[in-house]
Each structure stands twice: as C-alpha cells, then as structure tokens.
Amino acid sequence: MKKISIIIPMYYEEEVAEECYSRLEKVLINLKNYEYEIIFVNDGSKDKTLEILTNIAKQNENVKVISFSRNFGHQAAVTAGLRFVTGDVVLIIDADLQDPPELLPEMLKLWEQGNEVIYGERKSREGESKFKLFTASMFYKTLNALSDVEIPKNTGDFRLVDRKVVDTINSMPEHNKFLRGLFSWVGYKQYAFKYERKERFAGETKYPLKKMLKLAADGIIGFSTKPLKILGGLGIISIIISFIILIYSLLSFAFKWNDLAPGWTSIMVSITFFAGVQLLAVWILSEYIARIYDESKQRPEYVIEQKINIK
Ligand code: UDP
Ligand code: MG
C-alpha cells in the first residue's frame, strides 16, 4: 500500500485548525489503496493552535505535530515538514482551506500517471485584495526576468510531490529557501494543476506586507545574481557620459557654442568618470561575491533522475 503525507504549516490558526483537519480527514479515509499521515507544523503560534493540534493527535495516531520554539516563517515550517515525512507522495497545503483538500484524489491520479510535481496554478483567486494581486503579478514578472529558472506564476506552495523530489530538496542545505522556486529548479515531470482558489475559511492572512517582501527577496536573491550585474552596466553608462561631456566641452570651446563656466568641464568629467570606475570596481567585486554566494548555498550542480547500469 502507498502512503501519502500531508504537510500543513500553522501560524495562529486556532479558528481554522479543526475544520482543516476534519475536511482533510474526510478526503483521506475515502482514499482506497493509500495509508496517510498528516504533519502539522506549528510555526510558533501562541494562541490555541498547538492545544487543538495536540488533541487531534491524541485521537488519531496518523496525525503528527512539530512545534517550533518561535515563528520561523512559512517556508521554514514547510521545510521542517519535508524532513519528517515518510510517505511515497507528499501534499503541501495551507491551513486556511484556500486550497481545497477535496482536489487531492484528482491530483493523486496525475501522480499515479507518472507526474512528479503537480503544482496548483490558480485560475482565480477569491477574496484577495487588488493590492495583493497586483504585487504578486509584479513580483513574478520581475522574478522571471531576473532568474535563470522558469518559476510559474500564480502558484503558491500548494503542490503534490513525489518522494524523489522531496529527497532532492532535503539534500539541499541552503537557508532562506524559496520553495516554489526550488520545486521548479529540481526539474522532473511537472504538471500545472489548474484550480479555483477559495477565500480563507476564517481569520486573517498571516502574510503581511513585511513577510511578502521577505519572500520576494528570498525568491529574487536566491535565484538570480543579475541585480549585481546591473552595477556593471551603470558603470559603463557613467563612463560613456563622461566622454560625451568631455567632447561637448571641447567642441563648445573650439566653436564658441556657449561659455562654459571655468572648471565646469573638469568637475563634470571627473565626477562621472570616477563614479563609473567605482561602479565597475564594485561590479567586479560583486561577481566574486556572487560566486561565493552560489557555492555557499551548496545546491547540487545537477540532479540525476535515473541511472542505468551504474550502481
Ligand atoms: N504561515 C506560517 N508561518 C507564518 C505565516 C504563515 O506557517 O509565519 C502559514 C499559515 O498558517 C497558512 C500558510 O502559512 O497555513 C499560508 O498563510 P496565509 O494563508 O496567511 O497566506 P495567504 O494565503 O494570505 O498568502
Ligand atoms: Mg491563505
């Protein structure tokens, strides 16, 4: 019998915890041919979340709880869940029921057909502010322009993944993980599963602007060193401007176009020229730093999916 593991991060979710469990459990007991485990990760909530989860775990031994000493963030909570899952296939889902658990059987079929990452792609998003939709769309545009890996837009962390993929992610020691980027980075057979995103069942979003910005920074900085390269471009532009000013001044002097104040040329040329030189120098340094940074993430250089005749 195959086993499915569910990972649910929880931060101040006392209002949704019970409902989340009961709706999931209904889906899970109806799955023929599957055993299941649910791993709730309490990300340092100080309300009744942990108490509720402990009670559920007492009644059902398939329910496991990991509780953090403080709030480490959604990505850290899911990362911890991934370390402890024992299933052949793993579902990552939010606690607030925005991603309907009832979609699981359909997603499992896609996994049985050989897909290894089935990521939820939002066809529509109910109950989310214009501001959130706009910032999210800007973020994915910027991210994909800068990053070397294609990161699908309109996706969150709602996805069903194969054990192999979980093992690969677990083998990466990098911190500040941007999971949806990594799940795309690993490759394998990916499937965009379209669904309607619902409104939060109860409570408020646990992703205020500050946390969204941190996530965006992790995504852009973790998947791209292009922002550093912009420095090189700026440096070159600045040096070109200094030459233009120099030529303009000389021509102006020769043909008496207008009277430039004495000293204007030398000041303008040296400011723009040396600003350019400095930006170029910073850019060269940053290229070295970028390489150190890439190494320090200790991401593997490749992921092998299959070996033939090799032990
Ligand atoms: N979450 C978490 N730690 C945090 C913030 C959020 O574990 O610091 C959990 C939260 O309980 C929920 C999921 O991450 O299960 C997604 O959060 P939320 O639904 O508030 O985000 P939104 O859907 O508004 O983007
Ligand atoms: Mg939500």
Side-chain angles (χ1 to χ4, degrees), residues 1-45 47-69 72 74-113 115-120 156-170 179 183 193 195 198 200-203 206:
M1 200 140 100
K2 298 274 187 208
K3 182 170 185 180
I4 169 147
S5 304
I6 319 282
I7 299 174
I8 312 174
M10 293 236 168
Y11 183 56
Y12 284 87
E13 299 288 11
E14 62 182 9
E15 287 168 283
V16 305
E18 302 259 16
E19 178 74 10
C20 170
Y21 166 70
S22 68
R23 269 189 47 194
L24 246 179
E25 203 233 9
K26 232 177 257 153
V27 175
L28 289 167
I29 48 175
N30 281 325
L31 287 178
K32 312 269 173 316
N33 316 323
Y34 282 95
E35 307 176 78
Y36 75 88
E37 74 179 349
I38 302 178
I39 300 192
F40 287 112
V41 185
N42 173 37
D43 182 14
S45 335
D47 61 351
K48 292 216 175 65
T49 305
L50 182 59
E51 195 183 316
I52 298 167
L53 297 179
T54 314
N55 277 334
I56 297 173
K58 269 187 206 144
Q59 291 156 29
N60 182 349
E61 56 174 14
N62 295 328
V63 174
K64 295 161 192 182
V65 180
I66 296 169
S67 188
F68 285 175
S69 57
F72 283 92
H74 173 221
Q75 301 289 298
V78 176
T79 304
L82 288 169
R83 287 244 181 273
F84 288 94
V85 289
T86 57
D88 303 290
V89 58
V90 178
L91 178 75
I92 302 166
I93 187 169
D94 286 354
D96 57 5
L97 296 166
Q98 283 194 282
D99 314 316
E102 290 75 19
L103 298 173
L104 179 59
E106 226 178 301
M107 294 169 95
L108 271 175
K109 271 209 196 87
L110 290 163
W111 175 69
E112 285 159 2
Q113 287 163 10
N115 296 294
E116 286 147 325
V117 177
I118 296 119
Y119 59 89
D157 287 310
F158 180 48
R159 45 165 68 58
L160 185 72
V161 289
D162 189 271
R163 175 86 239 167
K164 279 192 281 209
V165 180
V166 174
D167 289 340
T168 307
I169 300 275
N170 283 344
L179 285 168
F183 277 118
F193 179 81
Y195 74 108
K198 302 284 176 232
R200 204 172 222 288
F201 172 70
K206 305 300 180 295

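Just so it is clear, the values below take in all heavy atoms, side chains as well, and ignore hydrogens, waters and symmetry mates.
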Just jot down the salt bridge (Lys or Arg N to Asp or Glu O under 4.0 Å) partners of Glu102, sequence neighbours excluded, or say none. Arg23
What verdict does the side chain to side chain donor-acceptor pair (under 3.5 Å) test give for Asp157 and Tyr119, after you've listed the backbone C-alpha separation in whole Å, the side-chain angles of each residue and the deciding distance to 0.1 Å? CA-CA 8 Å; Asp157 287 310; Tyr119 59 89; over 6 Å; no
Determine yes or no for a side-chain-to-main-chain donor-acceptor pair under 3.5 angstrom, with Glu14 supplying the side chain and Ile52 the backbone. no
Any chance NZ of Lys2 has more than 12 other-residue heavy atoms, nucleotides or ligands included, within less than 6.0 Å? no
Single hit among Val89, Val165, Leu110 for side-chain contact (heavy atoms from CB on, under 4.5 Å) with Glu116: Val165
Would you mind reporting whether Ile39 and Ile66 have side-chain heavy atoms less than 4.5 Å apart? yes
Test Ser45 against Glu13 for side chain to side chain donor-acceptor pair (under 3.5 Å), laying out the working first. CA-CA 8 Å; Ser45 335; Glu13 299 288 11; over 6 Å; no
Heavy-atom side-chain proximity of Ile92 to Leu160 below 4.5 angstrom: no
Please set out all donor-acceptor pairs under 3.5 angstrom arising from side-chain atoms of residues 24-35, sequence neighbours excluded.
residue, atom, partner, partner atom, Å
Asn30, ND2, Lys26, O, 3.1
Tyr34, OH, Glu112, OE2, 2.6

Minimum-distance pair of heavy atoms, taken over all atoms of His74 and Asp94: NE2-OD1, 3.8 Å
If you define the side chain from C-beta out and look only at heavy atoms, does anything of Pro9 sit under 4.5 Å from Asp43? no
Using side-chain hydrogen bond (donor to acceptor under 3.5 Å, both in side chains) as the criterion, list what pairs up with Asp96, not counting sequence neighbours. Arg200
For the side chain of Glu37 and the backbone of Asn62, is there at least one donor-acceptor N/O pair under 3.5 Å apart? no
Could you tell me which non-hydrogen atom of Arg159 sits nearest to which non-hydrogen atom of Val117, and how far apart they are? NE-CG1, 4.0 Å
Is the centre of the Tyr195 ring less than 6.0 Å from the centre of the Phe158 ring? yes
